[in-house]
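To find a chain, count down the sequence lines: A is the first, B the second, and so on, and within it residues start at 1.
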Amino acid sequence: MRDEILQSFDIQGFQNNLINWYLDNKRDLPWRKDQDPYKVWVSEIMLQQTQVDTVIPYFQRFMSKYPTVYDLAYADPQDVLKTWEGLGYYSRARNLQNAVREVAETYNGKVPDDPKQLGKLKGVGPYTKGAILSIAFNQAHPAVDGNVMRVLARVLELEDDIAQPKVKKQFEHYAGALISHNDPSSFNQGLMELGALICTPKEPLCMFCPVQEHCRAFQEGTVHDLPVKSKAKKQKKIPYTVLLVKNSHNEYLIEKRPEDGLLANMWQFPMVPAGEVNKGEIENWFKLEYGINVSLSAKQTDLKHVFSHIIWQLEVFAALTASEKAEDERLRFVSREELEDYPFPVSHQRMIPYLP
DNA sequence: AATTCGGGGCC
DNA sequence: GGCCCAGAATT
């Protein structure tokens, strides 16, 4: 790499200022009560692309349901998914349980402290590996997330586009060069805490920054120009007609999504791809696709749901059927109360108030 | 290297 | 509307 960037950098002073600030100002978070590797692991998975305030209640519920590696290893995957409901990126839950089962079987229930073994676990990438090693095992491995890239881009005044994968590897190199070997846990968490509380994306609080004297962007007045990040392309809009199908027993038709792809293994109300099926053909299409005769009734509402890469435009209709049972394994008629037992994506939770 | 994975908070 | 968030897996 370009190590001349670190030539005149006061690594020791930076470490001391950062760590002392962190120890004095760290938030009292539920996963910071101890260094249990399993808890650190679960918290780091939940915190991927997810803000602290969102994670807190999920972490509490998850740990009370699955206090140990073995509790999670032996749990029903559908129950785990239900516990994850609303948190998003549901493959995280499936990967976590698969990895925990491997830890139970292969590593005698102990989270491995070996970087190679840890990195092979499902869902444990470069960031999470470094976070677990440093926080739970006090090993000096870098843990570079979005916060750390923003902080380092400013402190070292790095103008590389942080949206590019190769740039993250460069930042990991710098983070590895800066990390405290005396207290890698506080150093890594301090970088992230600084990014969350002080070195924020917009309007950073430089006046309160513990490493202001080390920050090249502050010295040069370029804080607002960093980090450089290219824009993501706009999401594609996909229209659906959703059918809230009710039968004579006041039961509603739900279906289980495929085991791969978007919202894998979650349940939902049947969706008709409106881009491929005309309004007048919906009932025929439904009979062919689901084997159930329905009659469309009143439109209930329009909903828009934004994902990272697509936007669902949902037109929600009520519908009636004479059917009482569905042949297909992925289909079920359930009462309003029984709906609560199934993991639903937020987009479909929002339809429940409109059930006929 | 680019795309696929959720959802909420903020402006 | 756009941007950000304690990213990883897949292609």
* Asked: Base, sugar-phosphate, or nothing: which does Arg27(A) touch, judged by heavy atoms less than 4.0 Å apart?
  -> base

* **Shortest non-hydrogen separation from Ala274(A) to Thr241(A) and the atoms involved** => CB-OG1, 3.7 Å

* Asked: Within this structure, what is the CD1-to-P distance between Ile45(A) and dG6(B), rounded to whole angstrom?
  -> 15 Å

* Name the orientation class of the two ring planes belonging to Trp31(A) and Phe59(A) (parallel below 30°, tilted from 30 to 60°, perpendicular beyond 60°). => perpendicular

* Shortest side-chain distance from Pro345(A), nucleotide among dG7(B), dA8(C), dA6(C) -> dG7(B)

* The side chain of Trp31(A) lies closest to which of these nucleotides: dA6(C), dA8(C), dG6(B)? -> dA6(C)

* Asked: Where the side chain of Leu47(A) is concerned, which of dG6(B), dG7(C), dA6(C) is the nearest nucleotide?
  -> dA6(C)

* Report yes if a side-chain nitrogen or oxygen of Lys233(A) is closer than 4.0 Å to either non-bridging phosphate oxygen (OP1 or OP2) of dT3(B); otherwise report no. => yes

* **Heavy-atom pair with the smallest gap, counting every atom of Pro126(A) and Glu172(A)** => CB-OE2, 3.6 Å

* Nearest-Å distance, CD (Glu193(A)) to P (dA6(C))? -> 10 Å

* To do: Report yes if at least one side-chain N or O of Gln49(A) is closer than 4.0 Å to OP1 or OP2 of dC5(C); otherwise report no.
  => no

* 5′-ward residue of the pair Lys122(A)/Arg32(A) relative to DNA chain C -> Arg32(A)

* Structure fact -> Walking DNA chain B from its 5' end, the first of Asp260(A) and Lys166(A) to be reached, judged by nearest nucleotide, is Lys166(A)

* Asked: According to a strict under-4.0 Å criterion, is Thr128(A) in side-chain N/O contact with OP1 or OP2 of dA8(C)?
  -> yes

* **Tyr127(A) side chain to Glu44(A) side chain, donor-acceptor N/O pair below 3.5 angstrom** => yes

* Report the relative orientation of the aromatic rings in Trp84(A) and Phe62(A); use parallel for angles under 30°, tilted for 30 to 60°, perpendicular for over 60°. => perpendicular

* Gap between atoms CD and P, on Gln48(A) and dG6(B) respectively (whole Å) -> 13 Å

* Across the strands shown, which category fits Gly195(A) at heavy-atom distances under 4.0 angstrom: base, sugar-phosphate, nothing? -> nothing

* Structure fact -> In whole angstroms, the gap separating C1' of dA6(C) from CZ of Phe59(A) amounts to 13 Å

* Asked: Given dA6(C), dG2(C), dG8(B), which nucleotide is nearest the side-chain atoms of Lys234(A)?
  -> dG2(C)

* Asked: For residues Glu213(A) and Asn17(A), is any side-chain donor paired with an opposing acceptor at under 3.5 Å?
  -> yes

* **Side chains of Thr222(A) and Asp225(A), donor plus acceptor under 3.5 Å** => no

* Using atom P of each nucleotide, how far apart are dG8(B) and dA8(C) to the nearest Å? -> 22 Å

* Touch check for Lys236(A), heavy atoms < 4.0 angstrom, all strands: base, sugar-phosphate only, or nothing? -> nothing

* Asked: Nearest nucleotide by nearest heavy atom, which residue falls closer to the 5' end of DNA chain B, Leu87(A) or Pro165(A)?
  -> Pro165(A)

* To do: Using heavy atoms and a sub-4.0 Å distance, could you list which residues of residues 303-317 of chain A are near DNA chain C? By number, please.
  => Lys304(A)

* Asked: In whole Å, what is the span from the CD1 atom of Ile162(A) to the P atom of dA2(B)?
  -> 15 Å

* Asked: For Lys168(A) and dC5(C), what is the distance between atoms NZ and C1' respectively, to the nearest whole Å?
  -> 13 Å

* **Short side-chain N/O contact to dA9(C) OP1/OP2 from Tyr89(A), under 4.0 Å** => no

* Structure fact -> When rounded to whole Å, the CD to P distance for the pair Glu203(A) and dC4(C) reads 14 Å

* N/O donor-acceptor pair, side chain Thr50(A) with base dG6(B), under 3.5 angstrom -> yes

* Could you check whether Val52(A) gets within reach of a base, just the sugar-phosphate, or nothing at all, counting any heavy atom under 4.0 Å? => base

* Residue Leu263(A), side-chain heavy atoms: nucleotide from dG2(C), dC4(C), dG7(B) that is nearest -> dG7(B)

* Find the distance Arg257(A):CZ to dG6(B):C1' and express it as a whole number of Å. => 12 Å

* If we take the C1' atom in both dC5(B) and dC5(C), what is their distance in whole Å? -> 15 Å

* Is the Tyr290(A) ring parallel, tilted or perpendicular to the Phe286(A) ring (thresholds 30°, 60°)? -> parallel

* **dG6(B) versus dC4(C) - spacing of their C1' atoms, nearest Å** => 14 Å

* Validation row, ring centre Tyr252(A) to ring centre Phe333(A) under 6.0 Å -> no

* Under 4.0 Å between a side-chain N or O of Arg350(A) and OP1 or OP2 of dG8(B)? -> yes

* Structure fact -> Looking only at dG8(B), dA9(C), dA6(C), the nucleotide nearest the Val346(A) side chain is dG8(B)

